[in-house]
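Structure first, commentary second.
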Amino acid sequence: MVQRPDPLESTPPAFGAQAARQILRDGFGLESLSLEPLSGERDQNFRVDTGNGERFLFKISNPADDGSVLAMQAAALLHIERVDPGLPVMRALPTAAGEAWLEVPGPESRIYPARLFTFLPGQVRVNTALTTQAIRSHGQITARLGRALRGFFHPAADYEILWNITQLPKIRPLLSHVSDGTRRAQLEWILDRFDARVAPVLPGLRAQVIHGDMSLDNVLFDDDLLVSGIVDFGDMTHAPLVCDLAVAVADVLHGRGDAIEAADAIIGGYVSVTPLEDEEAWLLADLVAARLAAEVAITAWRCGMYPDNAAYAASGEPGARAFLDAIEAAGIDTVGRRFRDACRQLPYRRSVTGALLERRRRALPRSPLFYSQPVHLVRGEGVWLFDADDRRYLDCYNNVPVAGHSHPRVVQAVTEQQQLLATHSRYLHEAIVELAERLKSTLPPELDAVMVVNSGSEANDLAWRIARAATGRAGAVVTASAYHGLTEATHALSPEEWAEGQQPAHVATIPAPDGYRGPYRREEDGWVQRYAGRIDDAAVALGDHGFAALYLDPAFTADGILAPPPAYLREAARRTVKLGGLVVADEVQAGHGRYGTHLWSFQASGITPDMVVMGKPMGNGFPVAALVVRSQLLEAIPGDVELFSTFGGNPVACAAALAVLTVIEDEGLLANAAKVGSYLRQGLLTLAGRHPLVGDIRGEGLLLGVELADEARRPAAAHARQVTEAMRERGILLGTTGPAGNVLKIRPPLVFRHEHADLLLQALDEVLAPS
Ligand code: PMP
């Protein structure tokens with residue numbers, strides 16, 4: 001690295017107007033001028049107006065600036081002009097002799113480089129005058145400048161300058177100039193953090209020649225408060241790209257009461273042009289604090305050294321102190337997360353939870369929420385969910401993000417496809433065909449026809465239509481607390497949601513195979529067969545409607561996560577077939593590998609259903625569902641009746657569904673569900689031994705139920721609610737299920753690991769302990 005005298009150690013040149021005029025006339029051929037001095041930290045600047053209406057910036061540089069640096073600046077301006085001609089930067093004008101600058105002898109026998117530039121319109125603004133839009137535009141222009149300089153190289157860029165954030169450790173000796181002890185301690189704290197956390201990572205960040213000082217002094221705004229000019233390339237150096245953003249955040253916002261909040265706008269503007277990499281985003285708050293610390297320390301030092309120029313040097317410093325204090329008060333890690341979130345352009349994080357709740361209640365009065373104090377989520381990652389205050393929750397409940405929240409491969413598949421083509425399925429497209437073939441390959445060969453729809457309800461609804469057409473009958477059998485959907489037809493198949501006394505005449509219920517509470521208990525021989533035998537009674541109860549179909553969730557999730565032995569499903573299917581009904585396996589809950597044994601939970605029993613319904617986890621959050629049927633059943637639907645749904649099987653949905661299947665396979669999620677599920681189950685059994693409130697542990701893979709009951713096996717529903725609330729307080733999300741709502745529902749993303757199971761078990765152990 002080239003060591004170069006630091007210009008901060010020199011005062012700016014101080015040529016008189018007369019001398020300046022003479023240099024302009026002799027060196028640049030400019031006559032009849034009016035000169036207006038402009039401020040400058042280490043250069044002397046003039047606005048020059050010629051008689052014929054032309055306007056220039058005349059810059060007499062600090063003699064400490066060496067020629068190679070000036071040559072770099074000239075080359076950079078030319079480079080920017082070539083790469084992004086619309087960027088409002090100055091154009092350098094040659095001397096009368098065709099040189100890039102003029103060397104002017106001056107005081108102390110030193111040589112002062114003098115340069116002429118085009119003059120940019122607009123004016124420097126104080127930051128309190130800036131609108132959010134103006135702040136955003138500053139962020140955008142900073143990013144554009146970084147982009148324009150991306151391919152620029154110059155040997156002189158390899159020099160050290162104290163203002164460069166990466167050089168922060170060098171300001172430590174200057175701290176002795178900071179007289180206020182509390183302030184000094186604050187700066188030391190920031191320097192210590194920098195040494196420990198930032199300095200080791202800096203060499204790995206993407207770096208290039210950057211502007212180095214995108215502060216408000218160097219950016220001009222037009223009357224609409226949009227950036228109209230970037231000036232002063234005197235701090236250009238090779239440094240991590242993110243430093244330009246850090247300087248902009250620090251300098252544009254210091255002195256504003258809302259500095260931390262307003263950072264969202266400048267960061268948002270920046271990343272709308274150049275997204276930040278993760279490491280850069282994580283470091284941003286520390287880099288901003290570093291810049292502010294540098295400003296405070298350098299100002300203290302310079303004020304002591306050059307009292308004459310102190311007013312300029314100190315101009316932004318009180319704001320820097322205020323911004324530093326705000327960061328310290330909010331907690332630098334909290335600010336760090338906030339800046340990181342702003343880098344990711346998180347939408348929907350602005351509303352205060354209470355106000356949002358009120359709005360939701362007014363606008364969506366029938367939309368249910370979990371918890372007495374609803375959880376206000378803004379993002380998810382793997383098994384973790386984060387609320388608006390950035391509190392982290394372990395997700396032990398949600399099966400939709402089967403591959404983990406925001407799985408990068410699914411996100412990428414969806415994004416890429418959305419960018420390419422998002423239309424319906426009436427055109428030929430590979431994705432829907434590939435998805436259908438892929439699904440078929442996971443199922444018994446008899447299940448050979450696929451229909452891609454948008455929700456579990458829609459798939460079950462369609463299954464019902466097919467069942468009726470294929471059997472010519474109109475009655476269904478479901479378990480006593482089943483859930484199969486929201487539509488008119490599937491609501492009728494969902495006793496869990498029936499209002500009191502509202503059982504539809506065409507639906508008969510059977511008791512779900514609950515071996516804990518009965519009527520048949522697991523201790524009895526043949527208990528599952530006895531449960532299955534109830535199908536015969538139900539078929540009789542259907543009377544003239546006839547038995548068209550048996551709908552079963554093989555895990556009986558809504559019935560309390562019963563997950564009966566495979567013999568139940570075998571016997572239930574055998575009886576249904578005998579009675580001429582169709583078997584619909586609703587895999588919306590238990591499918592996509594949750595059982596840990598097979599991709600589809602019915603496969604554990606070896607049956608071949610007539611139809612299989614899949615949904616919820618299918619797109620890892622992207623709405624997509626499917627119905628797979630024996631194709632001969634479709635013959636009952638006349639050929640000219642179209643089975644088509646606009647969004648069903650659109651390329652984006654299919655891309656999501658394909659990515660999910662790939663991730664399940666590539667990441668071994670089936671095996672993980674089996675392994676972690678059995679570990680968790682073991683842990684739950686241990687808890688059951690310790691806590692009398694735990695009546696039963698059931699489930700398969702990563703679908704587990706903890707039934708809370710008293711000694712007489714009476715459901716402890718109130719306890720179950722309290723447990724989920726208390727777990728939420730501990731940052732763990734669970735649900736409840738079962739006819740009495742007394743079964744804790746554990747159904748996490750399949751990327752759940754042993755350490756997550758341990759967190760869950762430990763918290764549950766504490767919560768179940770009598771207080
Ligand atoms: N079937 C089962 C077993 C379900 O659990 C659900 C949803 N909870 C559905 C069907 C309905 O799916 P959707 O909400 O996607 O319409």
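All residue numbers in this chain count up from 1 along the given sequence. Whatever order the structure lists ligands and atoms in, that order sets their numbers, starting from 1. Quick note: numbers below take in every heavy atom, side chains included, and nothing from hydrogens, waters or symmetry partners.
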Do Thr662 and Arg438 have side-chain atoms, one donor and one acceptor, less than 3.5 Å apart?
yes
Atom 8 (N) of ligand 1: nearest protein contact (heavy atom, Å)
Lys616 CE, 3.0 Å
Is the shortest side-chain N to carboxylate O distance from Glu571 to Arg574 below 4.0 Å?
yes
Could you check whether any heavy atom of Asp586 sits closer than 4.0 Å to an atom of ligand 1, since that is the contact criterion I want to use?
yes
Counting only nitrogen or oxygen atoms and a 3.5 angstrom limit, does Gly485 reach ligand 1?
no
Can a side-chain donor-acceptor contact be found between Trp464 and Thr490 if the only test is distance below 3.5 angstrom?
no
Considering only protein heavy atoms, which is closest to atom 4 (C) of ligand 1, and at what distance to one decimal place?
Val588 CG1, 3.6 Å
Identity and separation of the nearest protein heavy atom to atom 5 (O) of ligand 1
Gln589 NE2, 2.7 Å
We want to know whether Asp586 and His484 form a side-chain donor-acceptor pair, criterion being a heavy-atom distance below 3.5 angstrom.
yes
Determine the interplanar angle of the Trp527 and Tyr531 rings, folded into 0 to 90°, and report it as parallel if under 30°, tilted if 30 to 60°, perpendicular if over 60°.
perpendicular
Name the closest protein heavy atom to atom 16 (O) of ligand 1, giving the residue it belongs to and the distance to 0.1 Å.
Ser457 OG, 2.5 Å
Using a strict 4.0 Å cut-off to heavy atoms of His484, name the atoms of ligand 1 that fall inside it.
1 (N), 10 (C)
So, regarding Asp553 and ligand 1 (criterion: nitrogen or oxygen to nitrogen or oxygen, under 3.5 Å), is there a contact or not?
no
Within reach of ligand 1, part of Asn460 (heavy-atom separation under 4.0 Å)
side chain
Check Glu458 against ligand 1 and report side chain, backbone, both or neither, counting heavy atoms closer than 4.0 Å.
neither
Number the atoms of ligand 1 from 1 as they appear, then name those within less than 4.0 Å of a heavy atom of Ser455, with their elements.
15 (O), 16 (O)
Considering only heavy atoms from C-beta outward, does the side chain of Leu562 approach that of Tyr568 to under 4.5 Å?
no
Are any non-hydrogen side-chain atoms of Arg360 and Leu369 less than 4.5 angstrom apart?
yes
So Ile732 and Val767, do their side chains get closer than 4.5 Å, heavy atoms only?
no
Among all protein heavy atoms, pick out the one at the shortest distance from atom 15 (O) of ligand 1; state its residue, atom name and that distance to 0.1 Å.
Gly456 N, 2.9 Å
